[in-house]
Amino acid sequence: MVNESKIWEHLEDVYDPEVPVLSIVDLGIVRSVRVTNNHVSITITPTYTGCPAMGTIEKDITVKLQEEAITSYEIHTSISPAWTTDWMSERGKIKLKDYGIAPPQDEVDKSVLFGDPLVVPCPKCDSSDTKLVSQFGSTACKAHYQCKKCREPFDYFKCLR
Amino acid sequence: MTKQEALHIYLLRMGDDSLILGQRLSQLCGHGPILEEDIALTNVALDLIGQATLFLEYSGELAEQPKTNDELAYLRLEKEYVNAILVEQPNGHFGDTILRQFLFDAYRKPLLEKLLDSNDERLAGIAEKSLKETKYHLRHSSEWVIRLGDGTEESHERIQNSLESLLRYAHELFFENEVDKLLIAEGIVPSAESIFPIWEKTLNDVLKEATLTLPKNNWKFQGGREGRHSEHMGYLLAEMQYMQRTYPNMEW
């Protein structure tokens, strides 16, 4: 018998292709799992509209379900409500930091223009003396920072609300 | 005109603005002035093409003969595109690229904010998703306008010239015809009147900080929303549509 909590467990083994340390559950992009008469229905949501990883994620879910001998399933994509970094799990944030990516900070959604620069602590040495190098980093969801203390460049997972 | 026809056209405009500007920015991939900006501009391009996908998909479903977003993006003729002329303007130098982006972002952000209240739930959902990205775009483009304007003598002069040449295309962003009138009455889209003052304020605030001055001439170009484009559009489409025209129905 397939049940919903079992499916959630399986999805813990599917990793985000661009941040391979996070499972899609940690990232908060699995929005719902429903099982009716052994038929599994999963809804996922993209982090960004142009996220090129959605196709891969859908394939990876399919592969995982097939490995678990689940044959009757469907995967939907939904964009509303829109994904927010608030949906990332606490465990996910710790994993991100250990991996060298600063997790999203609790940014207040202040004025987009002329806002105070955000303090992002260095994931390596925890110094708060860091600087923004570029608002846009190696993927749509990250910004590029550098630590002024240990000189290490690092990615910051941008807060999206 | 029915509500469905009007919404089809409105979504086409939103999608075409995103698609054509996204295509323009994509042309900078590997050609950015510095590595960080190369990455930033292509990130913005990716967001815009992602947004175009959502708008065109919805628009295509409402067409009299339903079309996929790929058919709309790649298989229309130039006069069937309804993007504003602003977004098809060439990348020029970095100041031109940034100023074009700023004029667009400053309009797109308040528009998406108002669309959150749309009576059309699906459109409101697309706006909600896109807005989060557009906030970053506006922050990026306005910071650069300030840095270039309030930078060296040369950077100031060059971006001031960009403003002189591009501002004339910005007014078309506030174009309205019977499509808008019908949708405004239905509570589906906001009026241009409600967006314009917000755009103007952002423009004035940022230009002031950037020590730039609004051009005195008040030329206004339009036509894109009705399918009349500048000479740059054909070249852009030739490049963008090449693969689909040469190998119909090809997929990655």
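Each chain gets a letter, A, B and so on, in the order the sequences are listed, and its residues count up from 1.
For the options A/G50, A/S138, A/A143, heavy-atom pairs under 4.5 Å to chain B are most numerous at A/G50. In terms of heavy-atom pairs under 4.5 angstrom with chain B, the leader among A/T45, A/T84, A/I79 is A/I79. Residue with the most contacts toward chain A among B/E36, B/E133, B/H140, B/E121: B/E133 (heavy-atom pairs, distance under 4.5 Å).
Only the backbone of A/T47 has a heavy atom closer than 4.5 Å to any heavy atom of chain B. In this structure, the portions of A/P46 lying under 4.5 Å from any heavy atom of chain B include both its backbone and its side chain. Residue contact with chain A, scored on non-hydrogen atoms closer than 4.5 Å, involves the backbone and the side chain of B/L46 alike. The contact between A/T139 and chain B is made entirely by backbone atoms, counting heavy-atom distances below 4.5 Å. Contact annotation for B/L35: neither backbone nor side-chain heavy atoms come within less than 4.5 Å of a heavy atom of chain A.
In this structure, B/W144 has its ring center closer than 6.0 angstrom to the ring center of B/F94.
Both cation-pi conditions hold for A/K158 and A/F136: the charged atom is under 6.0 angstrom from the six-membered ring centre and inside a 45 degree cone around its axis. Cation-pi geometry between B/R139 and B/Y136 is met: the NZ or CZ atom falls under 6.0 Å from the ring centre, inside 45° of the normal.
Salt bridge present: B/D16 and B/R76 bring a charged side-chain N and a carboxylate O closer than 4.0 Å. Of the charged side-chain nitrogens involved, none lies within less than 4.0 Å of a carboxylate oxygen, so that B/K132 and B/D47 do not count as a salt-bridged pair. With respect to B/K109 and B/D105, no salt bridge is recorded, no charged nitrogen being found less than 4.0 Å from a carboxylate O.
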